[in-house]
**Student:** 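Just passing along the structure, written as structure tokens.
Computed from a predicted structure; not experimentally measured. For the single chain, residues carry numbers from 1 onward in sequence order.
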Amino acid sequence: MSGISVKDLYKTYKGSAEPTLKGLTFQFGKGKIAGLLGPNGAGKTTTISILCGIVRGDSGEVIIHDLKQQAAHREEIKHIIGIVPQQIALYPQLSAVENLTYFGNLYGFKGKPLQQKIMHYLELFGLEKSAHKEIHKYSGGMKRRANIIAAILHNPKLLVLDEPTAGVDVQSRSMILQFLRDYNSQGASILYTSHLLEEAQSLCEEVVIMDAGKMIVQGNPQTLIHQHPDCNNLEDVFLHFTGNALRD
Ligand SMILES: Nc1ncnc2c1ncn2[C@@H]1O[C@H](COP(=O)(O)OP(=O)(O)OP(=O)(O)O)[C@@H](O)[C@H]1O
Ligand SMILES: [Mg+2]
């Protein structure tokens, strides 16, 4: 059973001469922790945005938990997926509780059950003491953790996170990674992107390395390392396939 299937996906942004996605193809199984890896500009955020229905691909097929990503399934897929975007998507002038109440309402949750759920997650993510503080007064790590809570209030079966550990301290990162493992052990699929390859190696059961809008290689991190005798870790595999040239 396919968790995520992307087949021959193409995308050119309006006004761009070059396509961002050029026949991207990969599959991740249901219930896995999967990593979408690639250099800056590879097309990771674009891919995630298409998977979640935020951006439209030009051609190709995307299947999410056995549902084709198309207008008829958009509402159903919206409830399956929780998206944690690369940029913090919270209202800076509102407190965490106000933000999370707003996002919970969007999914039809309200009243005491929603407030209990919000407090449960604020405690789990170590934010209970700052529950009523405005988001702009939060540290970077606190914002990242609150951003994750906004995506899980509706118990998504597939959690998609775009660089959830970028720029956070060791303590926040360790908390976030433990949460992802726990959430996955309850049966959810996880798809995440990161430039921290040591982290991806230890977290992910499957990874896709993409570059310039195409899939370069896919597999289990340990299997990929063993398949390439010159590689000691996932970072070596990544450099083996993507080279050392800067992307800008
Ligand atoms: N809204 C947009 N309009 C035009 N071009 C875009 C847009 N969004 C992204 N691009 C271009 O598409 C390419 C891929 O961008 P994308 O953000 O998907 O890459 P990424 O792999 O997520 O990179 P990063 O690791 O830096 O987050 C880049 O060349 C970028 O400039
Ligand atoms: Mg990105």
Side-chain angles (χ1 to χ4, degrees), residues 3-4 6 9 11 13-14 20-21 24 28 33-57 62 64-65 69 74-75 77-107 109 118 121-122 125 127 134-136 138-169 172-173 175-177 179-180 183-184 188-196 199-200 203-204 207-208 210 213:
I4 299 173
V6 170
L9 191 58
K11 171 73 186 174
Y13 284 105
K14 240 186 210 147
T20 288
L21 301 183
L24 182 69
F28 287 127
I33 304 187
L36 185 60
L37 311 175
N40 288 136
K44 303 178 297 296
T45 298
T46 301
T47 305
I48 281 179
S49 304
I50 295 174
L51 287 180
C52 298
I54 300 164
V55 167
R56 211 175 267 234
V62 172
I64 304 287
H65 278 218
Q69 178 55 283
R74 202 137 294 157
E75 267 307 298
I77 289 177
K78 195 179 120 185
H79 282 85
I80 290 173
I81 296 186
I83 166 93
V84 181
Q86 189 167 1
Q87 309 294 339
I88 302 293
L90 301 167
Y91 295 98
Q93 302 301 333
L94 299 183
S95 72
V97 168
E98 287 166 338
N99 265 287
L100 296 170
T101 301
Y102 171 76
F103 286 107
N105 290 162
L106 284 185
Y107 283 96
F109 298 102
I118 289 172
Y121 279 129
L122 285 171
F125 281 80
L127 294 170
E134 290 166 17
I135 293 292
H136 73 89
Y138 272 32
S139 73
M142 291 165 78
K143 283 181 192 159
R144 286 255 164 246
R145 282 179 275 147
N147 211 34
I148 295 175
I149 302 176
I152 54 174
L153 289 171
H154 64 295
N155 301 323
K157 292 191 195 104
L158 168 61
L159 184 56
V160 179
L161 309 100
D162 201 354
E163 298 194 34
T165 54
V168 305
D169 67 20
S172 264
R173 189 159 91 224
M175 191 271 125
I176 290 169
L177 295 177
F179 165 75
L180 294 181
Y183 197 68
N184 169 252
S189 314
I190 309 242
L191 173 63
Y192 112 121
T193 77
S194 178
H195 291 292
L196 305 167
E199 177 187 295
L203 183 69
C204 299
V207 294
V208 158
M210 65 180 292

**Student:** If you look at every heavy atom in Arg144 and Pro164, which pair is closest and at what distance?
**Tutor:** CD-O, 3.0 Å
**Student:** Name the residue from Leu159, Ile64, Ile4 that meets the side chain to side chain contact (heavy atoms under 4.5 Å, CB included) definition with Ile81.
**Tutor:** Ile64
**Student:** Please give me the minimum heavy-atom distance between Thr20 and Tyr13, naming the atom from each residue.
**Tutor:** OG1-CD1, 3.5 Å
**Student:** Short question: side chain of Thr193, backbone of Glu163 - any donor-acceptor pair under 3.5 Å?
**Tutor:** yes
**Student:** How many angstroms lie between CG in Leu122 and CD1 in Ile149, if you round to the nearest 0.5 Å?
**Tutor:** 4.5 Å
**Student:** Mind listing the closest non-hydrogen atom pair of Pro39 and Met210 along with its distance?
**Tutor:** CD-O, 3.4 Å
**Student:** What heavy-atom pair brings Phe103 and Ala89 nearest, and what distance separates the two atoms?
**Tutor:** CZ-O, 3.2 Å
**Student:** Can you confirm whether Tyr138 sits close enough to Leu127 that some side-chain heavy atom of one is under 4.5 Å from a side-chain heavy atom of the other?
**Tutor:** yes
**Student:** Can any side-chain N or O of Lys44 pair as donor or acceptor with the backbone N or O of Leu37 at less than 3.5 Å?
**Tutor:** no
**Student:** Hey, could you give me the CG/CG distance between Leu36 and Leu24, rounded to the nearest 0.5 Å?
**Tutor:** 7.5 Å
**Student:** Sequence neighbours left out, what passes side-chain contact (heavy atoms from CB on, under 4.5 Å) with Tyr107? Give chain and number order.
**Tutor:** Lys78, His79, Phe109, His154
**Student:** Can you list everything that forms a side-chain hydrogen bond (donor to acceptor under 3.5 Å, both in side chains) with His65? Sequence neighbours excluded, please.
**Tutor:** Ser189
**Student:** Report the distance from atom CD1 of Ile50 to atom CG of Leu9, rounding to the nearest 0.5 Å.
**Tutor:** 4.5 Å
**Student:** Distance check, rounded to the nearest 0.5 Å: Phe125 atom CZ versus Ile152 atom CD1?
**Tutor:** 4.5 Å
**Student:** To the nearest 0.5 Å, how far apart are CG in Leu180 and CD1 in Ile148?
**Tutor:** 6.0 Å
**Student:** Which pair of heavy atoms, one from Ile135 and one from Ala146, lies closest together, and at what distance?
**Tutor:** CD1-CB, 4.4 Å
**Student:** So do the side chains of Ser49 and Thr46 get within less than 4.5 Å of each other, counting heavy atoms only?
**Tutor:** no
**Student:** Supply the atom-to-atom distance Asn99 CG to Leu90 CG, rounded to the nearest 0.5 angstrom.
**Tutor:** 4.5 Å
**Student:** Mind listing the closest non-hydrogen atom pair of Tyr183 and Pro156 along with its distance?
**Tutor:** OH-O, 2.7 Å
**Student:** Under the side-chain contact (heavy atoms from CB on, under 4.5 Å) test, which residues partner Ser194, sequence neighbours left out?
**Tutor:** Thr165, Tyr192, Leu196, Glu199
**Student:** Is a donor on one side and an acceptor on the other found under 3.5 Å between the side chain of Gln69 and the backbone of Leu51?
**Tutor:** yes
